[in-house]
Amino acid sequence: MAIEKKYYSFTPGLELLSKSDYGKIQGEIIDFLGCSKQDYYRKRTCYVNIPAHIKEGIELIFKKYEIHDLNSIWEIKDSEK
């Protein structure tokens, strides 16, 4: 039996930020993920089966910007069957 894919997006959390904070958090997340800006744009809307340590790291970054409700950061979708 195959592992079901889950699609994670942290775009809802980004929408809670002020414009001045958006650029800062974007840079922090890019540094944390060690990715290019293009890869960041893909991952913010669709990170497939995100590893737990990556998800927790992104949540810690959001906490620095006073966003503590984890449900408001993430949109999680199941794979289509």
Side-chain angles (χ1 to χ4, degrees):
M1 185 171 178
I3 296 174
E4 184 178 350
K5 290 184 180 179
K6 296 236 184 226
Y7 300 90
Y8 293 79
S9 170
F10 53 88
T11 301
L14 295 172
E15 292 171 351
L16 299 173
L17 295 167
S18 66
K19 283 189 177 192
S20 61
D21 285 341
Y22 179 83
K24 296 174 193 171
I25 199 170
Q26 178 183 9
E28 287 186 48
I29 292 173
I30 289 171
D31 288 344
F32 173 73
L33 295 175
C35 66
S36 67
K37 203 170 205 178
Q38 183 178 2
D39 200 30
Y40 161 81
Y41 286 121
R42 184 182 55 79
K43 289 182 176 187
R44 76 176 180 182
T45 58
C46 183
Y47 201 127
V48 181
N49 293 342
I50 190 170
H53 70 281
I54 299 289
K55 185 175 181 284
E56 291 167 355
I58 291 171
E59 290 167 355
L60 285 173
I61 293 170
F62 274 97
K63 284 181 182 177
K64 291 190 331 190
Y65 293 88
E66 301 300 320
I67 298 175
H68 300 283
D69 180 13
L70 303 182
N71 293 325
S72 67
I73 296 171
W74 299 101
E75 178 181 11
I76 304 169
K77 295 181 182 178
D78 293 324
S79 61
E80 308 252 339
K81 293 184 180 181

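Residue numbers run from 1 in the order of the sequence given.
Using modelled atom types, no side-chain atom of D78 and backbone atom of K6 make a donor-acceptor pair closer than 3.5 Å. Here the side chain of T45 pairs no donor or acceptor atom with the backbone of S9 at under 3.5 angstrom.
Note that the CG atom of L14 and the CD1 atom of I67 stand 8.0 Å from one another [nearest 0.5 Å]. In this structure, OG1 in T11 is found 9.5 Å from CH2 in W74, a value given to the nearest 0.5 Å. Rounding to the nearest 0.5 angstrom, the gap separating the CD1 atom in I58 from the NE2 atom in H53 is 10.0 Å. Note that CD of E15 is 13.0 Å distant from CD1 of I73, once rounded to the nearest 0.5 Å.
Using a 4.5 Å heavy-atom threshold, the side chains of Y47 and K55 count as separate. Put simply, the side chain of Y7 reaches to within 4.5 Å of the side chain of S79, judged on heavy atoms.
L60 and I54 are assigned to two separate hydrophobic clusters, defined by single-linkage of ILVMFWY side chains at heavy-atom distances under 4.5 Å. Linking Ile, Leu, Val, Met, Phe, Trp and Tyr whenever their side-chain heavy atoms come within less than 4.5 Å puts I76 and L16 in one cluster.
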Please tabulate, for side-chain N and O atoms in residues 23-35, each donor-acceptor pair with protein atoms closer than 3.5 Å (sequence neighbours left out).
from	atom 1	to	atom 2	distance (Å)
Q26	NE2	Y41	OH	3.2
E28	OE1	K64	NZ	2.6
E28	OE2	Y65	OH	2.5

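A tilted orientation is assigned to the rings of F10 and Y40, their planes being inclined by 30° to 60°.
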